[in-house]
Amino acid sequence: MDIKGNIKEFENLLKDTGVTLVAVSKTKPVKDILEAYDAGQLDFGENKIQELRDKYPVMPKDIRWHMIGHLQSNKVKYIAPWIHLIHAVDSLKLLNEINKQATKNKRIIPCLLQVHIAEEETKFGFSEDELITLLDSEQLTGFKNIEIAGLMGMATNTPDQEQIHKEFQLLKALFDRIAKNYDLPNVKMKELSTGMSSDYTIAIEEGSTMIRVGSKIFGQRVYH
Ligand SMILES: *Cc1c(COP(=O)(O)O)cnc(C)c1O
């Protein structure tokens, strides 16, 4: 893979769009990450705490690390001092723990709430109803060391482009509705994290502000 070339290509594609590229480096070695970094890439996404803990100390300190995977409450403490953005927050329990660890570290941790938009049952996330109930409950205002910076979603893994458009549209509508109707001190709808290697062009058309791209930059992943 021409990692540098791929980063440059995305840089060109995203220029003047306001869309941020999160380079998803999970399973990839440090040398691949450094190659992307040398091409100017600063935002990297990982989905496993252990991998983040291994990579963070040996990488340049201006890298912005994104936790994009499902996060267990008991592991928040390991990344709380330095994580840039947690994308897949999907429970009150997790919010509570992130707030606690953020407070301990005297910082505010930006989070995205994950919304379940795909057909597949296996994907994590709040339903639209659950999310609205959570916002109405005003429980979020108690989390003083969390900033809800937007929403995250994953579309169904399908060749049906229309369906992917529809799912991203639903999420964008929800994003706009929350931005318009909720005036909570720690809720700011700034980022809509949608789109991966297979569907980022659709995601951008449908209002994504942050795409999470792995294999299109680093090549296919090999799991051992
Ligand atoms: C792995 C992963 C990605 C990137 O997937 P690619 O298809 O390799 O681009 C994006 N988002 C999440 C949540 C992931 O786990």
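Counting starts at 1 for both ligands and their atoms, in listed order. Residues: numbered from 1 along the sequence shown.
- Listed by number with element, the atoms of ligand 1 under 4.0 Å from a non-hydrogen atom of G214 are 4 (C), 6 (P), 8 (O), 9 (O).
- Using a 4.5 Å cut-off on side-chain heavy atoms (C-beta onward), E167 and Q163 make contact.
- T17 contributes a side-chain N or O that, together with a main-chain N or O of V19, makes up a donor-acceptor pair within less than 3.5 Å.
- Taking any N or O of S198, backbone or side chain, none lies under 3.5 Å from an N or O belonging to ligand 1.
- Nearest to atom 6 (P) of ligand 1 among the protein's heavy atoms is S197 OG, 3.5 Å.
- A heavy-atom distance below 4.5 Å is found between the side chains of M59 and L34.
- Among protein heavy atoms, the minimum distance from atom 12 (C) of ligand 1 is reached at I68 CD1, 3.5 Å.
- From the protein, the heavy atom lying nearest to atom 11 (N) of ligand 1 is R212 NE, 2.9 Å.
- Ligand 1 has no N or O atom lying under 3.5 Å from any N or O atom of V24, backbone or side chain.
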Show me the donor-acceptor pairs within less than 3.5 Å that the side chains of residues 128-136 make with the rest of the protein, sequence neighbours left out.
from: E128; atom 1: OE2; to: R177; atom 2: NH1; distance (Å): 2.9
from: E130; atom 1: OE1; to: S127; atom 2: N; distance (Å): 2.8
from: T133; atom 1: OG1; to: D129; atom 2: O; distance (Å): 2.8
from: D136; atom 1: OD1; to: Y182; atom 2: OH; distance (Å): 2.7

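- The nearest protein atom to atom 1 (C) of ligand 1, hydrogens excluded, is given as K26 NZ, 1.4 Å; this is a heavy-atom distance.
- Contact atoms of ligand 1 toward V213: 9 (O) (distance under 4.0 Å to a heavy atom of the residue).
- Heavy atoms of R221 come nearer than 4.0 angstrom to ligand 1 in at least one pair.
- Considering only residues two or more places apart in sequence or on other chains, F10 meets the ring pair (Phe, Tyr, Trp, His ring centres under 6.0 Å) condition with Y200.
- By the 4.5 Å heavy-atom criterion applied to side chains, M154 and D199 are not counted as neighbours.
- Ring geometry for F44 versus F218: interplanar angle of 30 to 60°, hence tilted.
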